[in-house]
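Here is the naming used below: chain letters follow the sequence lines, and residue numbers restart at 1 for every chain.
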2 protein chains.
Amino acid sequence: MLRISKLTDYATVLLAHLAEDGAGQRTAVELAEWSKIGLPTVSKVLKELQRAGLVVSTRGARGGYSLARSADTISAADILDAVEGPIGLTECSIHPGQCELESNCRVGRTWQRVNLAIHQALADLRLTDLANAEAGAIPELIIRIGPRLTIRSRTESA
Amino acid sequence: MLRISKLTDYATVLLAHLAEDGAGQRTAVELAEWSKIGLPTVSKVLKELQRAGLVVSTRGARGGYSLARSADTISAADILDAVEGPIGLTECSIHPGQCELESNCRVGRTWQRVNLAIHQALADLRLTDLANAEAGAIPELIIRIGPRLTIRSRTESA
DNA sequence: TGGATTCAGGACCATTTTAGTACTAATAAG
DNA sequence: CTTATTAGTACTAAAATGGTCCTGAATCCA
Ligand code: FES
Ligand code: FES
C-alpha cells in the first residue's frame, strides 16, 4: 500500500538511535556498526539527512552526526520528504495540464487530497513517537483533505 | 510521499468511467479510446481488476467489462490492493524474524501501524467519492493505529 | 606543518520494479 | 464457422532503487 523505501527505513532507524538519551554525536562508522547496515549506505543516508537539515554534521577528527533539532520537532513526514523527496502521487500531479487524460479524469485531484492528508497526518507523528512506539505514546493527529474533509486522531483509552 | 503507480491511476480512471450512469458494460477497446490509454495497457489493467473481483467480464461478441458491484462498495483500498498487490511497508514486514536489524529497530512496527491506518482510511473512501471528488461528497473516515491511536475524519461545514 | 579522521559530493553499477507490448488460447454470439 | 472479445502469459524496454567507490574538503591534534 504505502510503500516506504529501505532507505527511509534506515533513516528512521538511524535517527531514532541519534535521538536516544545521551547519544549526542555519532560517527557514520559507529552507526553502521550498531545498525549492521553497510557503511557506504549509512553514509549516503546521513548525507541526505544532512542536506535536508535533519542532522548536523561535523567534519574531521572527532566529527560525526547529531540531530539538528530535538526529536520532538522532527516528524515522520520530514523523514519521508528528506529521503524520498517530494514525489508526486501521479505523473499528472507533477506536470499539470500536460496530461491527455485530464479532461476525463476527475481522480487526480482526489488522490492528491488523500496524499496531502496523509502527509499532514505524518507531519504530526514525531520521531519521538516512532522511537517509543512500543511505549505507545502517540499523540493526537489532525488530517485535512481538501477544504471539506478532516481526519482527526486522538488517543483512545485502551 | 504516497506513491501511486500509473497503473493504479488508470484503474481508477477506468473504474470511475464504468461507474458512470448508464455506463453498464464497456469493451476494452471502447475504454481505451475514451481514456486515450493504449489498448494493451487498458486490457492488462482490466484483467487485473477482474482477477481481483472488482469488475466482471463477458467474453465473446457483445462482451465487455462492467463493475462487479456498486460503486458504493468499491473502496480506494480495494483498488490499490487489486493493482499493486498486498505489498508490505518494509522488507521486514514481509519476512519477520529474518531481519538483522530487528533487535535494534523499534520502528518497523510503527510504520506498520501507520500503513494499516492509512489502509483502513482508504477502505472507507469509495469509488463514488473518487469519481465525484469535485462535487466534494466525501464521507467520514475513521482510522485506527494500533490499539491506542484513532484517526477519525468528518465532514466539515466549509 | 603534517597526518589522521571524518564528512561532502558525485559518478557509477547491479538489481528490481514498472510500464507497456505481443501472441496464443478460450469463450460466446450469430 | 466466423467474428468479436476477454484470459493467460511471456517478453522487452525503461526507470527507480539500493548500494558501492572514489576524490576532495574540513577539522583536529601531535
Ligand atoms: S490521469 Fe492525468 S489527470 Fe488524471
Ligand atoms: S529494519 Fe528490519 S525490523 Fe526494522
Round to the nearest Å and state the distance from [X] atom [atom1] to [N] atom [atom2].
X	N	atom1	atom2	answer
A/Lys6	D/dT20	NZ	P	10 Å
B/Leu7	C/dT21	CG	C1'	13 Å
B/Glu33	D/dT5	CD	P	11 Å
B/Lys44	D/dA10	NZ	C1'	11 Å
B/Leu39	D/dA7	CG	C1'	14 Å
A/Tyr10	D/dT17	OH	C1'	11 Å
A/Ile37	D/dG18	CD1	C1'	12 Å
A/Glu48	C/dG10	CD	P	12 Å

Show your reasoning for whether side chain to side chain contact (heavy atoms under 4.5 Å, CB included) applies to B/Leu122 and B/Ser75.
-> CA-CA 7 Å; B/Leu122 262 33; B/Ser75 73; over 6 Å; no

Tell me, please, which residues at least two apart from B/Thr8 pass side-chain hydrogen bond (donor to acceptor under 3.5 Å, both in side chains).
->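 In terms of side-chain hydrogen bond (donor to acceptor under 3.5 Å, both in side chains), with neighbours along the sequence ignored, B/Thr8 is linked to B/Ser5, B/Glu84.
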
All side-chain hydrogen bond (donor to acceptor under 3.5 Å, both in side chains) counterparts of A/Thr58, not counting sequence neighbours =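 side-chain hydrogen bond (donor to acceptor under 3.5 Å, both in side chains) list for A/Thr58, sorted by chain: A/Gln25.
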
Proximity to the side chain of B/Lys47 - top-ranked nucleotide from D/dG19, D/dT9, C/dC7 |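 Of all the options, the side chain of B/Lys47 is nearest to D/dT9.
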
Check whether any side-chain heavy atom of B/Glu30 sits under 4.5 Å from a side-chain heavy atom of B/Tyr65, and report yes or no.
-> no

Is there a side-chain contact between B/Leu46 and B/Ser57, using heavy atoms and a 4.5 Å cut-off?
->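 Of all side-chain heavy-atom pairs linking B/Ser57 with B/Leu46, none is under 4.5 Å.
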
Contact residues, residues 49-67 of chain B to DNA chain C [heavy atom, < 4.0 Å] = B/Arg59, B/Gly60, B/Ala61, B/Arg62

Which part of the nucleic acid does A/Leu46 contact within heavy-atom distance under 4.0 Å: base, sugar-phosphate only, or nothing?
-> nothing

Minimal non-hydrogen separation, A/Leu7 against A/Val83, with atom names = CB-CG1, 3.7 Å

Worked verdict on B/Leu31 versus B/Ile37 for side chain to side chain contact (heavy atoms under 4.5 Å, CB included) | CA-CA 8 Å; B/Leu31 287 169; B/Ile37 306 170; over 6 Å; no

Hey, is the side chain of A/Thr41 poking within less than 4.0 Å of OP1 or OP2 on D/dT20, counting only N and O atoms?
-> yes

